[in-house]
Structure formats: C-alpha cells, structure tokens
Amino acid sequence: MILYNSILAKSFLSKKKYYFMFLGCCFTRYKYLEAWEDMELRIHERQYLECLFLAFLPALGLSLWISWWFMLLAFVNYHLLYWIERGFRRHSSFDWEALEHCGDALYLRKRNPYNWMKWYGRKTLPPSEWDD
C-alpha cells in the first residue's frame, strides 16, 4: 500500500528522499508519483510480501515452541535482510531489482517469484541502465 501525501513522510524525510517503507506500507511525501517511482515502490512491496511468506513458517514454529514474540521476525524479515546486506556489501539486491525494472510497466506480471534471491549476497551487482 502506498500512502501519498503522508504527514509522517513530510516530517521524517529529508528533501533528497521521497519515501520510506515500514511493514510493507510505503509513505511518500508527494501527492502523485511518476510511473517509474510508483513501479519501484510496488516492486519493493512485492519483495516485502515474499520475505514475509519466506519467514512465516519458521517464525510460527519458534513462536509456538518458545515465545509468541518470534512472530515479529516474519514482519521485519525484509528490513533485516535489507540492512544485513547493506551492512556487509554496501548495496542491496532489493534496491537493484527495483531500480533495474522500474521502467517496465509489466514487470510485476512477468516477474518470477523471489527474483531478488539470485542476486542476494553477491559481491557485485550488474550495472543498471539507470545508473549515470
């Protein structure tokens, strides 16, 4: 879900960033987004859902076995994977996929599930056509 013209985004973001994502919801400071910006956010949302589904069963098992607090791992899995990769590699396969395919309006229809996984943890990513 993309929340346009968000007060949270206006108050927390600097002028350089136009959105932030929390638990699958994208908060943006603008009323309207360009088509490529909207597609970039939708790709990030799809990645979030895939990470949620990926961690749901292990988190459910841990929550039944130890404590229900482990269920929160499923909801923050995307953010954990994102910041771990950014911490070790200084780039993110999530960002690369979103930037690489944000110009293709039909990308979400032809995209393979968990497409970000083949690039996750790599030392280098292929150059993007959007990089200057």
Side-chain angles (χ1 to χ4, degrees):
M1 175 170 44
I2 300 174
L3 299 170
Y4 298 97
N5 203 15
S6 170
I7 296 171
L8 287 174
K10 288 178 182 177
S11 60
F12 290 125
L13 294 177
S14 64
K15 296 293 181 188
K16 292 181 181 178
K17 291 199 59 125
Y18 65 93
Y19 80 96
F20 74 93
M21 183 175 177
F22 182 70
L23 298 179
C25 294
C26 294
F27 298 90
T28 182
R29 65 174 50 240
Y30 302 122
K31 275 187 174 179
Y32 307 103
L33 293 176
E34 297 287 332
W36 65 271
E37 292 170 329
D38 188 60
M39 181 56 73
E40 180 183 352
L41 295 182
R42 300 225 182 264
I43 292 171
H44 281 300
E45 288 174 352
R46 181 74 56 94
Q47 292 167 345
Y48 177 83
L49 284 176
E50 290 172 351
C51 289
L52 177 75
F53 294 146
L54 187 68
F56 186 74
L57 286 178
L60 182 64
L62 284 172
S63 68
L64 292 174
W65 184 42
I66 299 173
S67 173
W68 66 272
W69 286 97
F70 283 100
M71 206 55 204
L72 294 175
L73 286 176
F75 294 104
V76 297
N77 187 35
Y78 172 83
H79 301 291
L80 288 174
L81 290 174
Y82 180 84
W83 289 111
I84 287 171
E85 187 180 25
R86 290 283 304 219
F88 285 116
R89 298 287 182 212
R90 302 285 185 235
H91 62 264
S92 172
S93 61
F94 298 115
D95 287 338
W96 178 83
E97 181 191 8
L99 285 175
E100 182 68 23
H101 301 289
C102 65
D104 187 3
L106 297 175
Y107 177 68
L108 290 177
R109 290 186 182 177
K110 59 185 177 182
R111 179 182 181 268
N112 293 329
Y114 303 97
N115 198 27
W116 54 270
M117 286 183 89
K118 66 181 173 184
W119 299 108
Y120 189 81
R122 299 267 176 108
K123 255 187 181 177
T124 60
L125 297 172
S128 175
E129 66 182 45
W130 295 91
D131 288 339
D132 290 333

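Owing to the predicted nature of the structure, the values given are computational and were not obtained by experimental measurement.
- Under the 4.5 Å side-chain criterion, counting only non-hydrogen atoms from C-beta, Leu64 is not in contact with Phe70.
- Defined by atom type and a distance below 3.5 Å, a donor-acceptor pair is present between the side-chain atoms of Tyr4 and Asp38.
- Taken to the nearest 0.5 Å, the CD atom of Glu34 stands 13.0 Å off from the OH atom of Tyr32.
- A donor-acceptor pair under 3.5 Å links the side-chain atoms of Gln47 to the main chain of Phe94, judged by distance alone.
- By the 4.5 Å side-chain criterion applied to Ile, Leu, Val, Met, Phe, Trp and Tyr, Leu108 is assigned to a cluster that also includes Met39, Ile43, Tyr107.
- A heavy-atom distance below 4.5 Å is found between the side chains of Thr28 and Leu33.
- Within a 6.0 Å radius of CG in Leu23, more than 12 heavy atoms belonging to other residues, nucleotides or ligands are found.
- A side-chain donor-acceptor contact under 3.5 Å links Ser11 to the backbone of Leu8.
- Under a 4.5 Å side-chain heavy-atom cut-off, the cluster of Ile, Leu, Val, Met, Phe, Trp and Tyr residues that includes Trp69 is completed by Trp68, Leu72.
- His91 places a side-chain N or O within 3.5 Å of a backbone atom of Arg89 that can act as its donor or acceptor partner.
- Side chain of Glu85 to backbone of Ser92: no donor-acceptor contact under 3.5 angstrom is found.
- Here the CG-NE2 distance, from Asn77 to His79, works out to 10.0 Å after rounding to the nearest 0.5 Å.
- Residues Glu97 and Trp119 are not in side-chain contact: their nearest non-hydrogen atoms beyond the backbone lie 4.5 Å or more apart.
- When hydrophobic clusters are built by joining Ile, Leu, Val, Met, Phe, Trp and Tyr residues whose side-chain heavy atoms come closer than 4.5 Å, directly or via intermediates, Leu3 is not grouped with Ile7.
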Determine, stepwise, if the pair Tyr78 / Met21 fulfils side chain to side chain contact (heavy atoms under 4.5 Å, CB included). CA-CA 10 Å; Tyr78 172 83; Met21 183 175 177; 4.0 Å; yes
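- Using a 4.5 Å heavy-atom threshold, the side chains of Leu80 and Leu73 count as touching.
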The test is side chain to side chain contact (heavy atoms under 4.5 Å, CB included); show your working for Glu45 and Cys26 and say whether it passes. CA-CA 8 Å; Glu45 288 174 352; Cys26 294; 4.0 Å; yes
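- The side-chain heavy atoms of Glu37 and Tyr19, taken from C-beta on, include no pair separated by under 4.5 Å.
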Per-pair distances, 0.1 Å, donor-acceptor, side chain in residues 49-59, under 3.5 Å, sequence neighbours excluded:
{"from": "Glu50", "atom 1": "OE1", "to": "Arg111", "atom 2": "NH2", "distance (Å)": "3.1"}
{"from": "Glu50", "atom 1": "OE1", "to": "Tyr114", "atom 2": "N", "distance (Å)": "3.3"}
{"from": "Glu50", "atom 1": "OE1", "to": "Trp116", "atom 2": "NE1", "distance (Å)": "2.9"}
{"from": "Glu50", "atom 1": "OE2", "to": "Arg111", "atom 2": "NH1", "distance (Å)": "2.5"}
{"from": "Glu50", "atom 1": "OE2", "to": "Tyr114", "atom 2": "N", "distance (Å)": "3.1"}

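- Between atom CZ of residue Phe22 and atom OH of residue Tyr48 there is a gap of 8.0 Å, rounded to the nearest 0.5 Å.
- Within the model, atoms NE2 of His44 and CD1 of Ile2 stand 10.5 Å from one another, a figure rounded to the nearest 0.5 Å.
- Taking CH2 of Trp96 as the start and OG of Ser93 as the end, the distance is 9.0 Å to the nearest 0.5 Å.
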